[in-house]
Number of protein chains: 2
Amino acid sequence: MKENKFISIYEQLVDKIKRGDWRPNTKLPSENELVEQYQTSRETIRKALNLLSQNGHIQKMKGKGSFVLDVSRFDFPVSGLVSFKEVAEKLGHTSTTIVKEFELVKADQDLCTQLGATKKDLIWKVVRAREIDGEKIILDKDFFHKKYVPHLTKDICKGSIYEYLEKDLGLKISFAKKEISVDELTDEDKCYLDLKDYEHIVVVRNYVYLEDASLFQYTESRHRLDKFRFVDFARRGI
Amino acid sequence: MKENKFISIYEQLVDKIKRGDWRPNTKLPSENELVEQYQTSRETIRKALNLLSQNGHIQKMKGKGSFVLDVSRFDFPVSGLVSFKEVAEKLGHTSTTIVKEFELVKADQDLCTQLGATKKDLIWKVVRAREIDGEKIILDKDFFHKKYVPHLTKDICKGSIYEYLEKDLGLKISFAKKEISVDELTDEDKCYLDLKDYEHIVVVRNYVYLEDASLFQYTESRHRLDKFRFVDFARRGI
DNA sequence: AAGTGGTCTAGACCACGGG
DNA sequence: CCGTGGTCTAGACCACTTC
């Protein structure tokens with residue numbers, strides 16, 4: 001497995017931090033020292049350090065040095081989002097997926113706007129309920145362009161569609177837009193989920209784009225109010 | 001105003017895209033051509049292009065080139081979050097801020113954990129209701145360490161505390177952690193907001209860190225369910 | 001003055017895409 | 001094959017912090 005040098009160095013540095021070789025709030029070796037240690041150029045070291053910084057592991061300070069951040073304060077994975085399902089699985093709760101709908105449909109008006117499709121396009125529609133500790137609390141509705149995903153089975157949907165797309169089909173996701181809002185319940189929600197007597201539901205709409213900037217997937221993830229949690233870690237950019 | 005070369009080039013390129021000199025889905029000049037045009041080195045051009053990519057303006061494809069993305073599909077500012085207040089103001093709705101509480105308090109147990117403070121620390125507590133089109137729909141609770149913000153007035157709180165901290169005090173924010181969840185109403189919510197008959201409220205908790213990685217601000221932004229909206233745009237990283 | 005990270009340069013080689 | 005973006009190098013100068 002060939003890997004870029006700066007990524008390899010980045011991973012080695014993350015390891016050192018995680019193992020505690022470098023404690024929080026202490027200073028890392030200077031860039032020039034790291035150049036010596038890893039027998040590479042300064043720009044390569046800097047790429048690795050920038051990765052560490054972007055991912056919340058260190059804080060760089062001009063004139064002073066790079067310092068290890070106390071990640072224990074960021075109680076969960078320092079970047080991206082954490083869905084309740086992921087948290088539940090990390091904490092060892094049982095989690096099952098029930099495929100409620102699985103079919104190939106023609107794009108209707110709504111889907112056309114969401115997916116940027118035309119009326120003749122064929123779209124995979126997958127509706128799955130997520131049950132955690134015996135309660136069905138998340139409803140995931142996925143829509144894919146068939147032209148990007150020619151083959152799909154119910155069995156794949158029981159597992160991780162995401163893994164199938166990335167690992168088996170080799171589709172490369174380049175960016176995604178997320179929208180979070182709170183909507184009123186639909187009949188579908190009431191039918192497929194255990195909702196207690198809540199009248200609203202948290203909706204996460206996800207628009208996923210491929211490397212060539214084409215929109216290929218629209219996902220709607222509907223979470224019961226009390227079980228919703230979203231974490232976001234952001235560094236300041238320009 | 002002295003500026004880095006790669007940032008200056010980045011801004012010129014953004015301008016060209018926004019003005020339509022380069023249309024969506026067309027190819028940008030190659031990196032080597034840009035090196036010629038801007039009389040600089042390739043690494044500098046690459047830094048500028050990476051900024052464009054991170055901010056969702058272009059898509060780089062190995063072996064092919066850099067392509068202008070159709071940002072009109074990302075209906076709102078392509079990065080970061082968009083609160084209802086910001087959207088409302090963009091659309092020209094009236095928006096006022098009412099300072100409900102403004103005081104210097106000793107950190108209680110709850111604040112100690114949220115702000116990483118000790119019991120002796122003095123903390124600014126500011127509670128503000130946001131009224132949009134005549135309805136009070138957002139309650140912002142802000143807490144700052146006094147040691148970072150020695151002086152604060154009610155007048156500042158009526159405007160933008162954020163601007164005061166960054167522009168006037170020169171505090172440099174380096175990163176922030178956000179947590180979104182849905183909570184039950186508190187008496188405070190009921191007292192300060194126009195809540196119709198909703199029983200829940202969307203809570204955005206914001207932990208803000210300075211350049212030296214010290215936690216200096218904790219903000220709780222409480223949004224009426226029907227007026228909450230959060231947008232997030234993310235590129236894939238390592 | 002010495003050490004730190006931030007920027008910039010000029011040049012090299014690579015992997016990928018398309019003719 | 002050539003042009004593309006991705007990585008890597010060695011060296012330079014700057015701005016900032018600390019002594």
Side-chain angles (χ1 to χ4, degrees), chain A residues 1-13 22 25-54 57-69 170-172 174-175 210-214 235-238, chain B residues 1-13 22 25-54 57-69 170 172 174 210-214 235-238:
Chain A
M1 180 60 185
K2 161 91 177 55
E3 210 173 31
N4 291 333
K5 193 182 277 193
F6 75 93
I7 293 182
S8 150
I9 294 177
Y10 162 74
E11 285 166 349
Q12 293 177 54
L13 297 178
W22 293 322
N25 303 313
T26 61
K27 197 166 85 67
L28 255 63
S30 76
E31 297 183 349
N32 287 319
E33 287 173 298
L34 290 172
V35 165
E36 280 302 312
Q37 287 179 29
Y38 288 92
Q39 283 296 304
T40 182
S41 73
R42 197 171 149 223
E43 285 294 344
T44 301
I45 290 294
R46 284 179 55 72
K47 274 197 194 176
L49 290 180
N50 283 336
L51 268 186
L52 282 169
S53 169
Q54 281 161 30
H57 292 104
I58 64 168
Q59 178 74 18
K60 304 171 86 173
M61 281 149 90
K62 189 189 289 199
K64 290 195 192 170
S66 299
F67 296 82
V68 181
L69 286 178
L171 288 178
K172 287 194 188 157
S174 79
F175 55 94
L210 296 179
E211 253 190 345
D212 63 352
S214 58
R235 287 202 95 73
R236 268 309 176 70
I238 173 189
Chain B
M1 179 60 187
K2 161 87 177 59
E3 210 173 32
N4 291 334
K5 191 182 279 194
F6 75 94
I7 293 182
S8 150
I9 294 178
Y10 162 73
E11 285 166 348
Q12 294 176 53
L13 297 178
W22 293 324
N25 302 316
T26 60
K27 196 166 86 66
L28 255 63
S30 77
E31 297 184 349
N32 287 319
E33 286 171 301
L34 290 171
V35 164
E36 280 301 313
Q37 287 179 29
Y38 289 91
Q39 283 296 305
T40 181
S41 73
R42 194 168 152 226
E43 284 295 343
T44 301
I45 290 294
R46 284 181 54 73
K47 273 196 193 176
L49 291 180
N50 283 336
L51 268 186
L52 282 169
S53 169
Q54 280 161 30
H57 293 104
I58 64 168
Q59 178 73 19
K60 304 170 86 175
M61 280 149 90
K62 188 189 291 198
K64 289 197 194 169
S66 299
F67 296 81
V68 180
L69 286 179
K172 288 195 189 154
S174 78
L210 295 178
E211 256 191 343
D212 63 351
S214 59
R235 288 201 94 74
R236 268 309 178 67
I238 171 192

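Side-chain atoms are counted along with the backbone in the values below, which use heavy atoms only and exclude waters and symmetry mates. Each chain gets a letter, A, B and so on, in the order its sequence line appears, and its residues count up from 1.
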What's the spacing between [X] [atom1] and [Y] [atom2] if we round to 0.5 Å?
X     : Y     : atom1 : atom2 : value
B/S53 : B/R46 : OG    : CZ    : 10.5 Å
A/F6  : A/T40 : CZ    : OG1   : 11.5 Å
B/Q39 : B/T44 : CD    : OG1   : 12.0 Å
A/L13 : A/L52 : CG    : CG    : 5.5 Å

Whole angstroms only, please: what is the [atom1]-[atom2] distance between [X] and [N]?
X     : N      : atom1 : atom2 : answer
B/I58 : D/dT4  : CD1   : C1'   : 13 Å
B/K60 : D/dT4  : NZ    : P     : 14 Å
A/L51 : D/dT7  : CG    : C1'   : 13 Å
B/I9  : C/dT9  : CD1   : C1'   : 13 Å
A/K27 : D/dT17 : NZ    : C1'   : 11 Å
A/F67 : C/dT4  : CZ    : P     : 11 Å
B/Q59 : D/dG5  : CD    : P     : 13 Å
B/E31 : D/dG3  : CD    : C1'   : 12 Å

side-chain contact (heavy atoms from CB on, under 4.5 Å) against [X], all qualifying residues, sequence neighbours excluded:
X     : value
B/F67 : B/K27, B/M61, B/K64
B/V68 : B/I17, B/W22, B/T26, B/L28
B/E33 : B/P29, B/S30

- prompt: Heavy-atom distance under 4.5 Å between the side chains of A/E3 and A/E11, does that happen here?
  reply: yes

field: side-chain hydrogen bond (donor to acceptor under 3.5 Å, both in side chains) involving B/N32 - partner list, sequence neighbours excluded
entry: none

Polar atoms only, N or O, under 3.5 Å: list the protein pairs with nucleotides 17-19 of chain C and their distances.
none

message: For DNA chain C, which residues of residues 32-49 of chain A approach it to below 4.0 angstrom with any heavy atom?
response: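 Within this stretch, A/R42, A/E43, A/R46 sit under 4.0 Å of the strand.
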
